[in-house]
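Quick notes on the structure that follows.
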Amino acid sequence: MPKIVSPDLIPPGVCNLLNPSTIYANNEVDLDEVEIYGFDYDYTLALYSNTLDTMIYNTARDFLVKHYKYPEGISKYDYIPNFAARGLHYDIQKGLLMKIDAFHYIQLGTVYRGLNPVPDEEVLELYGGTNHVPLEEVSGFYGKGPVMKQFMDVFSIPEMTLLAAANDYFNSNDIEYDPGHLYKDVSVSAFPHSDKLESKDNTKYILRGDETYAVLHRLASHGKKLFLITNSPFSFVDKGMKYMVGKDWRDLFDIVIVQADKPHFFNSCGKPFRRLDSNGDLQWDKIKSLDKGQVYKQGNLFDFLRLTGWRGSKVLYFGDHLYSDLADLMLRHGWRTGAIVPELEVETRVVNTEQYAQGLTWLQALTGLLERMQMHRDPESKKVLQDWLKEREELRAVTKNLFNPHFGSIFRTCHNPTYFSRRLCRFSDVYMASISCLLNYDLSYTFYPRRTPLQHEAPLWMDQLCTGCMKTPFLEEMAHIR
């Protein structure tokens, strides 16, 4: 077992540095310049309890068995909470679920065939003697390459679990199957989520509706324009928004767009806007303006920009899906983007524990010792170095298990950022656990990214020396804002 670091070696205050209500900045954003706030719906305006994952999994599993006539034995697999994590990659041809870092390397120890880990030696053999996945095989711009699919949607966690369960059933019973067809069938069974939820009482799964109400009212009362662009159908959104905000929720929004078909909404000009009447029925009049009080379906961003004139950094759009919600807006259109990452709450609690701080401190110390002492070649020194390497590997495993025993943190693969983390930094100006974090900041607040040192730069500040980067503003001093 790895050694426990003496608490005396950990600088005072390192634990509990991070506040889960913090908004983190990848890029400088001045809220005083933001006049228009846009939102996705699912996992942005509406956060859901974990019991929703179980319901989605059960619905998809039953559909797979009853509609596609998969073996009844798959019905015996119950949902496994906390098995999968967002941002994982799935090798469609090999039927493997795994975590990949920002440099396209598979993190060994995080590759699963079904519900069982694949030994590192087998992983290397499967990928031609390396754990590197070539660029042409890994996920493309929207998360799906010819070989790999990246699961970026919070809703995709039950889908990954069902893929693992079905793979496990076939492997355990020595049944030949096509992993590619299984992937397609599970994908159809699990999506679209909101369509399958539309007939159910989705409000019982919604969390923090009062905070969504508080955010929207605060923005509207300060004269900000609000709009909604979601892939969900109107009846589903209407039911949830009435529950969270009230029957007059549409009065808060200047524009409401449903069934937008993102990401195509943001990168294609093919679909025109259509208006829905008060009953939700499709109207066929030509849309010459986007008016408050109306509900629109489909459409495209190019017509949206033409009809509204809302361009550039005065627009800030929030969404949970880095590809479908944020990528095009940041890279093609220059809007400000805010990523909603609900997992931040859990991961922040882990980072704030003394166990994590001690483990990370000793892990960094071991890494420094290995780096400095590796030039010693005598047998005794080599034995010490081997012992340090072994202890370092054990510490990495312990640290990983603090987050998720199968895949670890969604932000790191041991020392490197994950593929998810790199995309998060690339496609979002700011990120946070929920939109309720906005309640902690004045609407003229400026978010400044920390100048974290590059590898060739020396750290300049004590918070960087102690933690790598202290990103927590003094939220207690801003408590009056709420």
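Just the heavy atoms: all of them, side chains too, but no hydrogens, waters or symmetry mates, feed the values below. Please read these numbers as outputs of a predicted model, since none were measured by experiment. Counting begins at 1 with the first residue of the sequence.
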Does the side chain of Tyr105 come within less than 4.5 Å of Ile100's, by heavy atoms? no
With a 6.0 Å cut-off on the ring centroids, do His321 and Phe427 count as close? no
Give a yes or no on whether Asn82 atom CG has more than 12 heavy-atom contacts from other residues, nucleotides or ligands under 6.0 Å away. no
Within-4.5 Å side-chain heavy-atom neighbours: Thr54 and Asn50: no
Side-chain contact test, heavy atoms from C-beta onward, threshold under 4.5 Å: evaluate it for Phe155 versus Asp320 and give yes or no. no
Does Asn173 use its side chain to pair, donor to acceptor, with the backbone of Ile175 at less than 3.5 Å? no
Hey, does the side chain of Ser21 reach the backbone of Cys437 with a donor-acceptor pair shorter than 3.5 angstrom? no
Under 3.5 Å, side chain of Ser444 to main-chain N/O of Asp32, donor-acceptor pair present? no
Looking only at non-hydrogen atoms, find the nearest pair between Met432 and Ile435 and report the distance. SD-CA, 4.5 Å
Evaluate whether atom CG of Asp120 has more than 12 neighbouring non-hydrogen atoms of other residues, nucleotides or ligands under 6.0 angstrom away. yes
Any side-chain to backbone donor/acceptor pair from Glu347 onto Ile410? Under 3.5 Å, distance only. yes
If you count heavy atoms of other groups shown closer than 6.0 angstrom to NE2 of His376, is the number above 12? yes
Are Tyr24 and Val341 packed together at the side-chain level, in the sense that at least one heavy-atom pair is separated by less than 4.5 angstrom? no
Tell me, with the steps shown, if Tyr177 and Asn167 meet side-chain hydrogen bond (donor to acceptor under 3.5 Å, both in side chains). CA-CA 9 Å; Tyr177 69 104; Asn167 275 300; 2.4 Å; yes
Does NZ belonging to Lys382 count more than 12 external heavy atoms closer than 6.0 Å? no
Ring pair (Phe, Tyr, Trp, His ring centres under 6.0 Å) partner of His89, the single match among Phe407, Phe420, Tyr419: Tyr419
Specify the closest pair of heavy atoms between Phe447 and Ala25, including all atoms of both residues, with the distance to one decimal. CB-CB, 3.8 Å
Walk me through whether Val123 and Met98 qualify under side chain to side chain contact (heavy atoms under 4.5 Å, CB included). CA-CA 10 Å; Val123 173; Met98 67 192 72; over 6 Å; no
With heavy-atom distances below 4.5 Å as the criterion, would you say the side chains of Leu163 and Phe151 are in contact? yes
Between Ser381 and Asp378, a side-chain donor and acceptor under 3.5 Å: yes
Between Ala165 and Leu115, which heavy-atom pair has the shortest distance, and what is it? N-CD2, 4.4 Å
Which heavy atom in Phe39 sits nearest to a heavy atom in Leu228, and how many Å separate them? O-CD1, 3.2 Å
Will you find, in the side chains of Gln107 and Thr413, an N or O donor that is under 3.5 Å from an N or O acceptor? no
Rounded to the nearest 0.5 Å, what separates atom CG in Leu88 from atom CE in Met148? 11.5 Å
Any idea which heavy atoms bring Val118 and Tyr112 closest together, and the distance? CG2-C, 4.1 Å
Compute the ring centroids of Phe411 and Phe403, then answer whether they are less than 6.0 Å apart. no
Within-4.5 Å side-chain heavy-atom neighbours: Leu360 and Thr399: no
Qualifying salt bridge (charged side-chain N to carboxylate O under 4.0 Å, His left out) pairs with a residue from residues 81-99, counting only residues at least two apart or across chains: Arg86-Glu343, Asp91-Lys94
Please walk me through it: do Asn300 and Ser268 pass side chain to side chain contact (heavy atoms under 4.5 Å, CB included)? CA-CA 6 Å; Asn300 63 84; Ser268 171; 5.9 Å; no
In this structure, NE2 of His415 is separated from CG of Leu363 (nearest 0.5 Å) by 4.5 Å
Do the side chain of Gln374 and the main chain of Glu371 share a donor and acceptor less than 3.5 angstrom apart? yes
Test salt bridge (charged side-chain N to carboxylate O under 4.0 Å, His left out) on Glu380 and Lys383; report intermediate values, then the result. CA-CA 5 Å; Glu380 186 175 355; Lys383 174 65 168 59; over 6 Å; no
Where does the angle between the aromatic ring planes of Phe227 and Phe304 fall among parallel (under 30°), tilted (30 to 60°) and perpendicular (over 60°)? tilted
Enter the distance from Asn58:CG to Asp78:CG here, rounded to the nearest 0.5 Å. 7.0 Å
Please report the interatomic distance CG(Leu301) to CH2(Trp335), rounded to the nearest 0.5 Å. 5.0 Å
Is it true that a side-chain atom of Ser421 and a backbone atom of Arg412 form a donor plus acceptor pair closer than 3.5 Å? no
Using 30° and 60° as the class boundaries, would you call the ring planes of Tyr68 and Phe63 parallel, tilted or perpendicular? perpendicular
Using 30° and 60° as the class boundaries, would you call the ring planes of Tyr90 and Tyr183 parallel, tilted or perpendicular? parallel
Would Asp42 and Tyr48 count as a side chain to side chain contact (heavy atoms under 4.5 Å, CB included) if you check the C-alpha gap in whole Å, the side-chain angles of each, and the deciding distance to 0.1 Å? CA-CA 8 Å; Asp42 292 306; Tyr48 299 104; 2.6 Å; yes
cation_pi(Arg61, Tyr70) dist<6.0 Å, angle<=45: no
Any donor-acceptor pair under 3.5 Å linking the side chain of Gln150 with the backbone of Gly87? yes
On a heavy-atom basis, which atom in Thr446 and which in Glu28 lie closest, and how many Å separate them? CG2-CG, 4.0 Å
Determine whether the aromatic ring centres of residues His406 and Phe83 are separated by less than 6.0 angstrom. yes
Mind checking the OG1-CZ spacing from Thr212 to Arg208? Nearest 0.5 Å is all I need. 9.0 Å
Indicate yes or no: at least one non-hydrogen side-chain atom of Thr230 is less than 4.5 angstrom from one of Phe236. no
Does Asp168 reach the main-chain N or O of Ala164 with its side chain, forming a donor-acceptor pair under 3.5 Å? no
For Thr353 and Tyr356, indicate whether the former's side chain and the latter's backbone hold a donor-acceptor pair under 3.5 Å. yes
What's the spacing between Leu162 CG and Ile80 CD1 if we round to 0.5 Å? 10.5 Å
Evaluate the side chain to side chain contact (heavy atoms under 4.5 Å, CB included) criterion for residues Tyr43 and Ile340: first the C-alpha distance (whole Å), next the side-chain angles of each, then the deciding distance (0.1 Å), finally the verdict. CA-CA 7 Å; Tyr43 280 105; Ile340 304 301; 5.8 Å; no
Ser324 vs Phe265 side-chain heavy atoms within contact, under 4.5 Å: no
Parallel, tilted or perpendicular for Tyr37 and Phe318, by the 30°/60° rule? parallel
Just checking Glu122: does its CD atom have more than 12 heavy atoms from other residues, nucleotides or ligands closer to it than 6.0 angstrom? yes
Is Asp53 reaching over with its side chain to a backbone N or O of Pro158, donor-acceptor style, under 3.5 angstrom? no
